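Structure first, then comments.
Computed from a predicted model, the values in this text were never measured in an experiment. In what follows, residues are counted from 1 in the order of the sequence shown. Scope of the values below: all heavy atoms of this structure, side chains included, with no hydrogens, waters or symmetry mates.
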Amino acid sequence: MYIDLKERKKIKQKYYPLYIKYNKGLRKVFKKKFIKKYENIDNIINNHNQIWLKDMIVQNSFLNNINGYKLDNCQKEVVLAEEKNTLVLAGAGSGKTLTIVAKVAYLLKQGILGNEILCLSFTNASTNDLNKKLKNYGVRALTFHKLASKIMRHYGYNYKIVKENVLLKIIDKEVTYHKVKDLVNINFITLNNSKDIRNMHNLVFKESLVYHYFRKNIVSFINLFKNQNYHINKFNELIRKSSSKRIKKYLWLIKKIYIKYMAYLEENNMIDFNDLINKGANLVRKYGYDSYKYIIVDEYQDTSLAKCLFIKALATHSKVMVVGDDWQSIYKFSGANLEVFRNFKNYFPYTKTFKLENTYRNSQELLTMMSNFIMKNKYQLKKNLSSSKSLSKPIKIYYYTDNQTKILGKILDSLKDDFIILGRNNENVNIVPKKYRNKFMTVHKSKGLESEVVIIINLEDNVLGFPNKTASDEVLRCLLPKEDALAEERRLFYVALTRTKTYNILLVNKDKPSIFVNEIIKDNKGLTEYKKIK
């Protein structure tokens, strides 16, 4: 029998009563005596579990052929271990989806029914990909929103989902230039303050890029606010804590818009996607829902606090396994909260952490390079990724000075392998020659994909380069995790460079090179190759 963390604690309580006293603050004078007498208990249990796992690996030979793939020993341990709750740290290309499918197959062999296993992922794309690989096992993955909708219907609630432009229309109605001119970085020179002049200023402002970002910030704030499952009183707390007059005024404006938006939803019997999660979780807490024996969550690094609490509400009598990679958390502005990943055991007690560190996509040279790069972020969790692949020059750098499109066209014409082109922003598609634009995508959309060769374009040091320096407005930082300003950009660059199965091509501005490219070159002498276009 596998001894999980919960059972381990019971053993200590039963046979070693001093264990509980010590962990509640036993005086230091007893420390040496305690350690001497009881230090072997964890070793004994660990050895027992390792022997059990080795025996189970032999007994479950079917793990050598899951959808045509053989699991490595790390993956097999995740599948076979019977912990109450499990956090799986999975490196890029480490076979996390294969491990999830194998876990489902194992649970079914253990006699658990398909409808007693809940699989969740975050986007339609990731859920569809998971379902393709689960199709032979009679278990279907759901997005959080589809599950919440199912729960709402189960309890007889029939809300309509509000269109995205409703909030934008409310913002447009509430915001005028003269109301917010001290909140935005735009000024008009005027000789008078007539109604016509004021209207003209407002029209020009509403068509400006400044207003586009101002409005986007308000939408992001409201989404983040609801993703954290805050009550409206949170606005008053944020206003009270702020020492900036500008932020106080900004928060009052957002609060007013928020109240009007929520009133519109109520009057029209509508909810948004954030409400769907929060209301679904509240119904589960109040009335319960299907008694799942196992809940498996993919892409857990993208979890918001609201979704974490939704899982917790569903998991009253369930074991929970979440799989994700904090190095690939790139949806902060959509509510992804790395705290619920890093502190998973605070939400789900008796959690054991496993690591999938054998990777099958990238070369060891690229893994070492990118591991050092990402760990410059203060709060990332340590992983020691390894690969049997080797490639002496995993990064090829092409410099450009003016005509980036022409150089890119020549590079693409010379490629024989399958490739994808990645840009930081949607607008970067305009750099790509027209005949190759079907190969372009943003880095955000590339997550989960792989290609023989990856070309990353527009690597220059400017506001809309890579890293992108359109820093979030100070008002958004009231709700965002406190980390380095470029932490998420660093994770995004990591995602971009780990899509390749061979090497990356970086198209770099020679006069204003990306600070990330300069860093990669400086820290990895000999692993980069400089190429010229003839």
Side-chain angles (χ1 to χ4, degrees), residues 123 125 164-165 168 171-172 184-186 204-221 223 328 330-334 336 397-413 415 419-449 451 453-473 476 485-500 504-518 533:
T123 65
E164 293 179 8
N165 66 347
L168 296 176
I171 295 170
D172 290 341
V184 296
N185 186 25
I186 186 170
V204 173
F205 172 58
K206 290 289 181 73
E207 294 298 320
S208 70
L209 194 59
V210 171
Y211 179 66
H212 169 78
Y213 281 113
F214 182 76
R215 188 169 68 161
K216 185 178 177 182
N217 272 343
I218 295 174
V219 172
S220 294
F221 188 98
N223 283 328
Q328 298 186 73
I330 57 173
Y331 293 108
K332 180 170 65 175
F333 291 98
S334 298
I397 296 174
Y398 289 80
Y399 285 107
Y400 66 90
T401 52
D402 48 11
N403 197 333
Q404 186 177 176
T405 301
K406 184 178 179 181
I407 292 174
L408 178 60
K410 288 185 176 182
I411 294 170
L412 299 178
D413 289 341
L415 287 177
F419 62 86
I420 55 174
I421 306 163
L422 302 183
R424 173 59 184 83
N425 311 302
N426 285 312
E427 294 76 17
N428 293 158
V429 71
N430 296 320
I431 297 167
V432 181
K434 287 183 179 179
K435 66 178 179 178
Y436 291 116
R437 287 186 181 178
N438 64 323
K439 291 283 192 177
F440 173 86
M441 68 183 73
T442 63
V443 181
H444 280 98
K445 289 183 178 177
S446 75
K447 191 163 160 293
L449 301 179
S451 183
V453 178
V454 172
I455 303 102
I456 306 171
I457 62 176
N458 201 41
L459 289 166
E460 57 181 76
D461 185 20
N462 65 31
V463 174
L464 294 177
F466 200 170
N468 191 294
K469 296 180 181 178
T470 54
S472 60
D473 193 285
L476 275 179
L486 291 179
E488 180 136 325
E489 290 294 305
R490 188 174 289 273
R491 291 191 289 268
L492 199 60
F493 197 61
Y494 171 84
V495 168
L497 269 73
T498 54
R499 298 309 93 201
T500 182
N504 291 288
I505 292 173
L506 308 186
L507 199 54
V508 183
N509 186 310
K510 188 173 184 179
D511 298 323
K512 297 183 293 180
S514 158
I515 59 174
F516 283 168
V517 173
N518 281 345
I533 289 291

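Judged purely by atom type and a 3.5 angstrom limit, N425 has no side-chain atom pairing as donor or acceptor with the backbone of N428. Listed for the N468 side chain is no donor-acceptor partner under 3.5 Å among the backbone atoms of L464. When atom types are taken as modelled, the side chain of N217 and the backbone of F214 share no donor-acceptor pair closer than 3.5 angstrom. The backbone N or O of G465 sits nowhere less than 3.5 Å from a side-chain atom of N458 that would complete a donor-acceptor pair.
Taking the ring pair (Phe, Tyr, Trp, His ring centres under 6.0 Å) definition, one finds that F493 meets it with F373, F466, F516, sequence neighbours left out. E460 pairs by the salt bridge (charged side-chain N to carboxylate O under 4.0 Å, His left out) definition with nothing, not counting sequence neighbours. Under the ring pair (Phe, Tyr, Trp, His ring centres under 6.0 Å) criterion, Y398 pairs with no residue at all, not counting sequence neighbours. With sequence neighbours excluded, the residues forming a ring pair (Phe, Tyr, Trp, His ring centres under 6.0 Å) with Y211 are F205, listed by chain and number. For Y331, the ring pair (Phe, Tyr, Trp, His ring centres under 6.0 Å) partners two or more places apart in sequence, or in a different chain, are H444. With sequence neighbours left out, the side chain to side chain contact (heavy atoms under 4.5 Å, CB included) criterion links N438 to no other residue. In this structure D461 satisfies the side-chain hydrogen bond (donor to acceptor under 3.5 Å, both in side chains) test together with K469, sequence neighbours excluded. Every residue meeting the side chain to side chain contact (heavy atoms under 4.5 Å, CB included) condition with N403, not counting sequence neighbours, appears here in chain and number order: T405, K406. With sequence neighbours excluded, no residue forms a side-chain hydrogen bond (donor to acceptor under 3.5 Å, both in side chains) with S220. Checked against side-chain hydrogen bond (donor to acceptor under 3.5 Å, both in side chains), N518 has no partners two or more places apart in sequence or in another chain. Not counting sequence neighbours, the partners of R491 by the side-chain hydrogen bond (donor to acceptor under 3.5 Å, both in side chains) test are Q380, E483, E488. Every residue two or more places apart in sequence or in another chain that forms a side chain to side chain contact (heavy atoms under 4.5 Å, CB included) with L168 is listed here: R215, V219.
When all heavy atoms of F419 and K439 are compared, the pair lying nearest together is O-CD, 3.3 Å. Scanning both residues, T498 and Y494, for their nearest heavy atoms gives OG1-O, 2.8 Å. When every heavy atom of F440 is checked against every heavy atom of T442, the shortest pair comes out as CE2-N, 4.2 Å. For P433 against G409, the heavy-atom pair with the smallest separation is CG-CA, 3.7 Å. In this structure, T401 and K510 approach most closely via the heavy-atom pair CG2-CB, 4.1 Å. Closest approach of G423 to I457, counting heavy atoms only: CA-CG1, 4.2 Å.
You'll find the side chain of I505 stays beyond 4.5 Å of the side chain of V454, heavy atoms only. Residues V443 and I330 are not in side-chain contact: their nearest non-hydrogen atoms beyond the backbone lie 4.5 Å or more apart. Taking the side chain as every heavy atom from C-beta outward, L459 and L507 never approach each other to under 4.5 Å. Side-chain contact check for S334 versus N223: every heavy-atom pair is 4.5 Å or farther apart. Counting heavy atoms from C-beta outward, K410 and I407 have side chains that stay 4.5 Å or more apart. Taking 4.5 Å as the limit, some side-chain heavy atom of L449 sits within range of a side-chain heavy atom of M441. At least one side-chain heavy atom of L408 sits less than 4.5 Å from a side-chain heavy atom of V432. V453 places none of its side-chain heavy atoms less than 4.5 Å from the side chain of I420.
Distance check: L486 CG to L492 CG gives 11.5 Å after rounding to the nearest 0.5 Å. How far OG of S446 is from CD1 of I421: 12.5 Å, rounded to the nearest 0.5 Å. Rounding to the nearest 0.5 angstrom, the gap separating the CZ atom in R424 from the CD1 atom in I456 is 12.5 Å. Remark: N462 CG to N509 CG distance equals 8.0 Å, nearest 0.5 Å.
At most 12 heavy atoms of other shown residues, nucleotides or ligands fall within 6.0 angstrom of atom NZ in K216.
Salt bridge annotation for D413-K435: present, with a cationic side-chain nitrogen under 4.0 angstrom from a carboxylate oxygen.
A donor-acceptor contact closer than 3.5 angstrom is absent between the side chains of D511 and Y400.
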